[in-house]
Amino acid sequence: MAQYDVIIIGGGPGGYNAAIRAGQLGLKVACVEKRGTLGGTCLNVGCIPSKALLHASEMYEIARKDFAGIGIDVDAKLNLPQMLKQKEDSVGALTKGIEFLFKKNKADWIKGAGRIAGPGKVAVVAEDGSEQILEAKNIVIATGSEPTPLPGVTIDQKQIVDSTGALALSAVPKRLAVIGAGIIGLELGSVWRRLGAEVTVIEFLDRTIPGADAEVATAFQRSLTKQGVVFQLGTKVTGAKTAKSGVTLTVEAVAGGGAQTVEADVVLVAIGRRPYTEGLGLETVGIVPDKRGFIDTDHWATSAPGVWAIGDVTHGPMLAHKAEDEAVACIERLAGKAGHVNYDVIPGVIYTWPEVAWVGKTEEELKTAGVAYKVGKFPFSANSRAKVNHEAEGFVKVLADATTDRILGVHMIGPQVGEMIGEYCVAMEFSAASEDVARTCHPHPTRSEALRQAAMGVEGWTMQA
Ligand code: FAD
Ligand code: NAI
């Protein structure tokens with residue numbers, strides 16, 4: 001029976017980073033993954049393929065709509081098979097990269113479905129049905145999440161798809177209905193709108209991107225509406241009927257009123273994700289997930305000695321970088337080191353046009369907590385680089401403690417803000433005051449100057465607006 005210091009179940013950003021860190025620390029480690037490739041949801045059907053399509057579709061739209069204005073005449077035509085192929089090529093190269101990193105760090109990839117088979121034991125069933133039992137001093141659960149189903153709207157991955165299906169549509173639907181105005185709905189809705197679909201987003205709540213700062217969410221919805229996305233907020237879907245000609249959704253206003261219908265060629269269900277622990281044998285070590293299926297942990301240790309949990313399967317934002325940070329901290333802890341994750345500084349990014357990025361507390365959260373704060377704001381319309389690039393939409397908002405000036409939250413909407421939020425993550429990790437950023441020299445002309453100007457705005461000495 002093979003024996004390990006640590007066996008990780010699941011090879012996504014949580015699992016593969018845990019395996020690599022364990023290898024680096026000299027632990028004997030195996031990672032059990034049932035998918036044919038490493039990288040989990042993120043690399044195979046999540047972050048990476050969605051960003052590949054967001055980038056390509058953005059280029060297509062820019063070529064069609066913006067090139068002429070800057071003096072480039074082209075006749076841009078969509079080649080969807082090639083667009084999908086370059087996405088798959090990137091996914092293939094990156095998942096292979098993880099295999100390479102496993103070899104480099106002496107982490108074994110055990111192919112098959114893993115199941116906890118009592119304390120210190122993991123059973124692995126390979127594709128051919130054969131089973132082996134492995135022994136480990138520690139087991140890390142990193143089995144991730146899956147799309148939350150919507151009763152009455154059954155996924156067939158052709159006419160009614162989840163995010164995985166929406167990453168691989170073989171033709172641009174004429175009408176795409178998206179259920180859920182969250183991150184997946186608006187990212188993938190953007191992809192297909194740019195490629196030619198008429199997109200209608202149906203959302204239960206009376207706002208988009210719940211959890212994000214409300215002022216940013218309002219500006220974001222306005223921008224997407226201008227781009228042609230139709231929003232039906234405060235609306236619930238009560239059923240779906242498929243026919244050759246398309247899908248008929250029945251919808252109802254949450255506030256009451258009669259049933260209506262929405263016709264679509266393809267429906268994307270994107271109402272959230274839920275933790276995935278099916279067939280994991282949690283009962284063999286006495287772990288009981290909470291009501292929503294999440295595994296409770298204390299610094300990544302579960303209630304069962306020697307069993308740990310990280311990533312989407314535990315509480316907190318369902319984000320790849322959160323899973324990665326937990327992976328490193330968990331392995332460091334089980335190796336006797338001081339693993340740490342700062343949950344106050346986990347950024348969020350929506351990779352649409354414009355992008356949305358944030359870190360720390362929203363204005364709503366600060367109000368609810370009764371924290372006195374000051375606001376500094378700066379629009380990209382007053383930033384020279386954004387202006388000359390004709391990308392002047394959006395703003396940066398910095399929230400700082402009214403007494404200490406410590407930065408509490410930063411919320412941005414605008415061109416490539418996802419690439420810039422890291423500056424504020426570093427600042428917040430160092431407990432910076434807004435004045436620290438305001439007095440830091442930034443290169444000119446760059447969009448990053450808007451980040452500085454917003455910090456200057458906290459004390460009211462913004463220069464350019
Ligand atoms: P996962 O990545 O889900 O990996 C879990 C792995 O465990 C899977 O490969 C699964 O096959 C395997 N597994 C499960 N059970 C078993 C078992 N019993 N035996 C063996 N293997 C098992 N996050 C971001 O930060 N940025 C983004 O831009 C982003 N974009 C996204 C876009 C989409 C369309 C989706 C769906 C998600 C996106 N996410 C993004 C979220 C991100 O993918 C997840 O937060 C992240 O993958 C979670 O990592 P994880 O390791 O916890 O789980
Ligand atoms: P989400 O939680 O972001 O949004 C789901 C939306 O659906 C919410 O607005 C919710 O109110 C709505 N909703 C729920 N039930 C509904 C119903 N019955 N009818 C209509 N609307 C309903 O979830 P989403 O978009 O599915 O994404 C899941 C997770 O994946 C995200 O929360 C995020 O953690 C991760 N992700 C991250 C990305 C990024 O970092 N760029 C990209 C894509 C996904």
Side-chain angles (χ1 to χ4, degrees), residues 8-18 31-51 53-54 95 110-116 122-125 141-153 162-164 166-167 178-189 201-212 217 232-238 251 254 268-281 309-314 316-324 326-327 346-352 355-357 418:
I8 297 143
I9 307 180
Y16 78 71
N17 280 286
C31 178
V32 185
E33 171 55 62
K34 62 182 179 178
R35 201 188 288 270
T37 48
L38 292 170
T41 303
C42 172
L43 267 65
N44 290 283
V45 290
C47 326
I48 296 303
S50 61
K51 266 77 257 179
L53 289 184
L54 278 157
T95 56
I110 315 276
K111 295 180 186 173
R115 186 182 80 244
I116 301 175
V122 174
V124 183
V125 179
I141 301 169
T143 48
S145 61
E146 61 177 355
T148 305
L150 180 58
V153 188
D162 59 19
S163 55
T164 301
L167 288 165
V178 176
I179 309 178
I183 309 187
I184 292 182
L186 299 183
E187 283 191 351
L188 296 181
V201 179
I202 303 155
E203 163 64 47
F204 188 82
L205 301 175
D206 59 2
R207 58 163 291 173
T208 63
I209 48 170
Q232 291 194 8
L233 302 183
T235 303
K236 60 182 177 197
V237 174
T238 51
V251 303
V254 174
L268 163 59
V269 181
I271 59 163
R273 293 179 62 83
R274 63 182 185 187
Y276 181 74
T277 54
E278 203 179 293
L280 197 55
I310 56 173
D312 280 9
V313 79
T314 65
M318 287 182 159
L319 295 172
H321 41 283
K322 177 263 194 184
E324 278 176 45
E326 289 185 337
I346 295 181
V349 175
I350 307 177
Y351 297 84
T352 41
E355 286 187 348
V356 175

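Ligands are counted one by one from 1 in listed order, and the atoms in each one are counted from 1 as well.
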**Q.** Partners passing side chain to side chain contact (heavy atoms under 4.5 Å, CB included) against Ala142 (at least two apart in sequence or in another chain)
**A.**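 Listed in chain order: Ile8, Ile310.
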Q: Could you list the residues that satisfy side chain to side chain contact (heavy atoms under 4.5 Å, CB included) with Arg274, not counting sequence neighbours?
A: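 Here the qualifying residues are Glu146, Thr148, Pro149.
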Q: Considering only protein heavy atoms, determine whether one is less than 4.0 Å from atom 21 (N) of ligand 2.
A: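 Given the 4.0 Å cut-off, atom 21 (N) of ligand 2 counts as touching protein heavy atoms.
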So, does [X] sit close enough to ligand 2 that a heavy atom of it is under 4.0 Å from the ligand?
| X | answer |
| --- | --- |
| Lys51 | yes |
| Ile183 | yes |
| Gly272 | yes |
| Lys236 | no |

Between [X] and ligand 1, is there a nitrogen or oxygen pair with a distance under 3.5 Å?
| X | value |
| --- | --- |
| Asp312 | yes |
| Ala323 | no |
| Glu278 | no |
| Tyr351 | no |
| Gly46 | no |
| His321 | yes |
| Met318 | yes |
| Arg273 | no |
| Glu33 | yes |
| Ile9 | no |

Answer with side chain, backbone, both or neither: which part of [X] has a heavy atom less than 4.0 angstrom from an atom of ligand 1?
| X | answer |
| --- | --- |
| Tyr16 | neither |
| Pro49 | neither |
| Ser50 | side chain |
| Lys51 | side chain |
| Val45 | backbone |
| Asn44 | neither |

Q) Between Asn44 and Thr95, is any side-chain donor less than 3.5 angstrom from a side-chain acceptor? A)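 Side chains of Asn44 and Thr95: no pair found under 3.5 Å.
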What is the closest protein heavy atom to [atom], and at what distance does it sit?
| atom | value |
| --- | --- |
| atom 37 (C) of ligand 2 | Leu319 CD2, 3.9 Å |
| atom 17 (C) of ligand 2 | Ile271 CG2, 3.8 Å |
| atom 29 (C) of ligand 2 | Arg273 CD, 4.1 Å |
| atom 1 (P) of ligand 2 | Gly182 CA, 4.1 Å |
| atom 12 (C) of ligand 2 | Glu203 OE1, 3.2 Å |
| atom 25 (O) of ligand 2 | Ile184 N, 2.9 Å |

Within a distance under 4.0 Å of any heavy atom of [X], pick out the atoms of ligand 2 and give their elements.
| X | value |
| --- | --- |
| Val349 | 39 (C), 40 (O), 41 (N) |
| Met318 | 33 (C), 34 (O), 35 (C) |
| Ala270 | 5 (C), 6 (C), 7 (O), 25 (O), 26 (O) |
| Tyr351 | 41 (N) |
| Ile179 | 19 (N), 20 (C) |
| Leu150 | 18 (N) |

Q | Gly144: numbered ligand 1 atoms lying under 4.0 Å from its heavy atoms | A |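 The atoms of ligand 1 under 4.0 Å from a heavy atom of Gly144 are 1 (P), 3 (O), 5 (C), 52 (O), 53 (O).
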Q: Run the numbers for me: atoms of ligand 1, each under 4.0 Å from some heavy atom of Thr143, listed by number.
A: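 Those atoms are 5 (C), 7 (O), 14 (C), 15 (N), 16 (C).
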Q.
Just to be sure I'm reading this right: ignoring hydrogens, which of Gly14, Cys42, Gly40, Cys47 gets closest to atom 27 (C) of ligand 1? Compare them by their nearest heavy atoms.
A.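 It is Cys47 that holds the nearest heavy atom.
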Q: For Cys42 and Ala320, work out which heavy atoms get closest and say how close.
A: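 Heavy atoms only, the tightest pair is SG-CB, 3.9 Å.
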(Q) Walk me through whether Leu43 and Arg35 qualify under side chain to side chain contact (heavy atoms under 4.5 Å, CB included). (A) CA-CA 12 Å; Leu43 267 65; Arg35 201 188 288 270; over 6 Å; no
(Q) For a 4.5 angstrom cut-off between non-hydrogen side-chain atoms, does Gln232 reach Val201? (A)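 Answer no - side chains too far apart.
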(Q) With heavy-atom distances below 4.5 Å as the criterion, would you say the side chains of Arg273 and Ser163 are in contact? (A)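 Arg273 reaches Ser163 side chain to side chain.
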Q: Decide side chain to side chain donor-acceptor pair (under 3.5 Å) for Thr143 and Lys34; before the verdict, give the C-alpha distance in whole Å, the side-chain angles of both, and the deciding distance to 0.1 Å.
A: CA-CA 10 Å; Thr143 48; Lys34 62 182 179 178; over 6 Å; no
Q. Taking heavy atoms and a distance under 4.0 Å, where does Leu205 meet ligand 2: side chain, backbone, both or neither?
A.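 For Leu205, only side-chain atoms sit under 4.0 Å from ligand 2.
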Q) Judging by distance only, is a nitrogen or oxygen of Phe204 under 3.5 angstrom from one on ligand 2? A)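 For ligand 2, there is an N or O atom that lies under 3.5 Å from one belonging to Phe204.
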